[in-house]
Amino acid sequence: MSAPPANAQSDIRIGKIKANHVDKQKKKQGDWIFFDEEGNIAVSCLYKDDVVVGPIVYYKSTYLSVTQMHRY
């Protein structure tokens with residue numbers, strides 16, 4: 001499996017979590033959350049300099065479905 005596509009909106013807040021941040025070089029940084037067509041969380045992961053550095057977590061109907069550990 002590969003990293004999710006990068007077509008999410010930038011800099012959103014969910015509670016105290018800031019997600020989907022793009023730096024000045026337009027590289028993904030920090031927590032990223034991707035949503036399905038209904039607006040539910042579909043995938044979350046951690047980026048550093050546009051590279052996934054943490055587990056990729058897949059959700060189904062907002063419940064944890066699969067966690068894929070990423071090799072650093």
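Sorted by first and then second residue, the salt bridge (Lys or Arg N to Asp or Glu O under 4.0 Å) pairs with a member in residues 41-51 read Lys28-Asp50; sequence neighbours excluded.
Closest of all the heavy-atom pairs between Ala42 and Asp36 is CB-N, 3.9 Å. Scanning all heavy atoms of the two residues, the minimum distance from Val43 to Tyr59 falls at N-CD1, 4.1 Å.
With sequence neighbours left out, Lys18 forms a salt bridge (Lys or Arg N to Asp or Glu O under 4.0 Å) with Asp11. Residues that satisfy the side chain to side chain contact (heavy atoms under 4.5 Å, CB included) test with Glu37, not counting sequence neighbours, are absent from this structure.
Leu46 places none of its side-chain heavy atoms less than 4.5 Å from the side chain of Trp32. Here the side chains of Val22 and Tyr47 are not in contact, with every heavy-atom distance at 4.5 Å or above.
To the nearest 0.5 Å, the span separating CG on Asp31 from CD1 on Ile17 amounts to 6.0 Å.
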